[in-house]
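Working notes for the structure below.
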Amino acid sequence: MIKRTLAITSPAYLSLRQKQMVLEKKDEEGEKVEKTVPIEDIGTLVLEDPRVTITHGLIAALLANNVALVTCDEKYHPTGMMLNLCGNTTQAESFRQQADASQPLKKQLWQQVVKAKITNQATVLANAGGEVQMLLEAAKGVKSGDVDNREGMAAMYYWPRLFERYPGFTRGRGAGYPNSLLNYGYAILRAVTARSLVSSGLLPTLGIFHHNRYNQYCLADDMMEPYRPFVDQLVAGMVEEENEVPDVLGKSHKEKLLTVPTLTVVMNGKQRPLMIAASETSASLLRCFNGDQRKLMLPVLE
């Protein structure tokens with residue numbers, strides 16, 4: 001079942017009633033209106049407006065149903081995420097297998113991740129009409145642990161060519177448009193990925209490559225890498241439709257970016273929504289940790 005990604009973008013009071021999320025707010029005439037959404041239908045909930053009020057009962061129900069709860073700052077940029085701590089019945093065993101993973105295994109997994117990411121970046125650039133031979137060769141040459149940083153080399157080639165419309169474009173979290181589109185889309189992708197990892201019984205904090213001591217989602221940041229190009233392609237299409245550079249992200253921008261969990265992904269030759277594919281990637285990672293297989297199930301962009 002495809003879970004819904006919801007964003008609360010205006011003042012509202014959120015509470016729980018009979019396993020439903022109840023949203024109360026005022027309409028344009030100042031009249032109180034109420035909407036309800038079944039908790040079991042929600043996969044990611046983004047709280048954008050700082051005037052949103054949410055009850056503890058609803059938070060507990062959302063987490064019990066493995067909903068990724070994302071909060072935003074005063075600029076409406078996602079800044080935090082809350083996840084279930086017990087999303088799988090064999091969690092303790094899975095945590096132990098994850099913690100005990102050998103360094104060679106983690107390097108081999110990271111090699112697969114980087115190779116898939118660069119290959120998907122090549123497809124994005126090819127679909128945009130760019131030359132991709134360098135990226136294809138870089139993907140072929142990724143070594144265990146990506147010791148010669150093919151990922152970084154590919155990024156230096158990829159970004160300026162994907163956004164030629166913006167001379168001197170560099171990818172950055174704090175930069176302006178179109179980085180703001182990418183940042184918002186990646187935040188949704190990160191929530192989807194972290195939710196999938198928790199559902200598989202894995203700890204999002206303990207990464208195979210990312211290891212920043214202040215990052216609670218190192219493994220999510222690892223496993224979302226091959227999925228980033230799907231966001232890139234969505235954003236590249238949105239940029240092409242813009243006649244002017246907007247100062248801030250509008251409602252239409254966010255509505256499109258909230259479709260990230262439903263983007264079409266090819267995995268093992270079959271199409272499926274990104275949210276489902278992310279769950280299969282997480283499940284395959286667990287099988288790699290417990291020794292049942294060596295290859296990750298990773299997305300292919302067409």
Side-chain angles (χ1 to χ4, degrees), residues 1-89 181 184-201 204 217 220 231 234 248-265 272-279 282:
M1 174 183 175
I2 305 294
K3 301 285 187 178
R4 298 172 65 180
T5 299
L6 303 176
I8 311 301
T9 60
S10 59
Y13 178 75
L14 305 179
S15 60
L16 178 69
R17 183 198 306 152
Q18 296 178 339
K19 299 183 180 180
Q20 305 266 319
M21 183 181 76
V22 182
L23 186 152
E24 298 177 43
K25 63 179 183 178
K26 293 183 178 179
D27 62 16
E28 295 179 353
E29 285 74 36
E31 297 295 324
K32 184 172 137 182
V33 295
E34 180 179 298
K35 295 181 180 177
T36 59
V37 181
I39 298 290
E40 63 181 4
D41 289 353
I42 305 173
T44 303
L45 179 63
V46 183
L47 305 181
E48 280 194 12
D49 194 294
R51 293 162 294 180
V52 171
T53 301
I54 182 169
T55 67
H56 181 225
L58 177 58
I59 292 174
L62 291 170
L63 297 181
N65 282 274
N66 199 22
V67 176
L69 185 60
V70 179
T71 57
C72 299
D73 62 14
E74 68 280 1
K75 295 181 180 178
Y76 306 101
H77 293 161
T79 55
M81 180 163 53
M82 190 180 297
L83 285 169
N84 190 350
L85 283 177
C86 48
N88 188 281
T89 54
L181 291 172
Y184 197 95
Y186 290 158
I188 300 300
L189 176 60
R190 193 187 201 200
V192 170
T193 307
R195 179 183 176 278
S196 299
L197 292 169
V198 170
S199 182
S200 293
Y217 299 103
V231 177
L234 176 65
V248 295
L249 300 190
K251 183 178 179 181
S252 62
H253 295 120
K254 294 173 182 175
E255 286 178 346
K256 288 184 179 178
L257 292 169
L258 288 173
T259 66
V260 164
T262 64
L263 294 176
T264 300
V265 168
R272 63 207 67 193
L274 184 147
M275 176 178 280
I276 302 299
S279 296
S282 297

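Note that the structure is predicted; figures quoted are calculated from it, not measured.
Distance check: Glu40 CD to Ile42 CD1 gives 10.0 Å after rounding to the nearest 0.5 Å. Interatomic distance, Leu62 CG to Met82 CE, rounded to the nearest 0.5 Å: 10.0 Å. The line from CG of Leu14 to CE of Met21 is 5.5 Å long, rounded to the nearest 0.5 Å. How far CD of Glu34 is from OG of Ser15: 7.5 Å, rounded to the nearest 0.5 Å. Atoms OH and CE, on Tyr217 and Met81 in that order, are 4.5 Å from each other to the nearest 0.5 Å. In this structure, CD on Gln20 lies 8.0 Å from CG on Asp41, to the nearest 0.5 angstrom.
Residues Thr44 and Lys3 are not in side-chain contact: their nearest non-hydrogen atoms beyond the backbone lie 4.5 Å or more apart. Using a 4.5 Å heavy-atom cutoff, the side chains of Val260 and Leu234 are in contact.
Between Pro204 and Leu197 the shortest heavy-atom distance is CA-CD1, 4.4 Å. For the pair Thr5 and Pro261, the tightest heavy-atom approach, listed with the atom from each and the gap, is OG1-CG, 3.1 Å. Across Ser282 and Ser200, no two heavy atoms sit closer than the pair CB-OG, 3.4 Å. Closest approach of Val37 to Leu6, counting heavy atoms only: CG1-CD1, 4.1 Å. Across all non-hydrogen atoms, the minimal contact from Ser10 to Asp49 is CA-OD2, 3.6 Å. In plain terms, the two heavy atoms of Ala277 and Val265 that are nearest each other are CB-CG1, 3.7 Å.
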Val46 and Ile188: side chain to side chain contact (heavy atoms under 4.5 Å, CB included), yes or no, with the steps?
-> CA-CA 9 Å; Val46 183; Ile188 300 300; 3.7 Å; yes
Could you give me the CA-CA distance, side-chain angles and deciding distance for His253 and Tyr184, then say whether side chain to side chain contact (heavy atoms under 4.5 Å, CB included) is met? CA-CA 10 Å; His253 295 120; Tyr184 197 95; over 6 Å; no
Next item on the list: Please test Tyr13 against Thr55 for side chain to side chain contact (heavy atoms under 4.5 Å, CB included), starting from the C-alpha separation and ending with a verdict.
Entry: CA-CA 8 Å; Tyr13 178 75; Thr55 67; 3.2 Å; yes
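Using a distance-only test at 3.5 Å, with no hydrogens or angles considered, no donor-acceptor pair links the side chain of Ser199 to the main chain of Arg195. No donor-acceptor pair closer than 3.5 Å links the side chain of Arg190 to the backbone N or O of Ala220.
Surrounding CZ of Arg272 are more than 12 heavy atoms belonging to other residues, nucleotides or ligands, all under 6.0 Å away.
Exactly one residue among Leu69, Thr53, Thr9, Val70 makes a side-chain contact (heavy atoms from CB on, under 4.5 Å) with Leu47. That residue is Leu69. Under the side-chain contact (heavy atoms from CB on, under 4.5 Å) test applied with Leu45, the options Ile39, Ile8, Ile59 reduce to a single match, Ile8.
Among residue pairs with one or both ends in residues 254-263, those qualifying as side-chain hydrogen bond (donor to acceptor under 3.5 Å, both in side chains) are Glu48-Lys254, Glu241-Lys256; sequence neighbours excluded.
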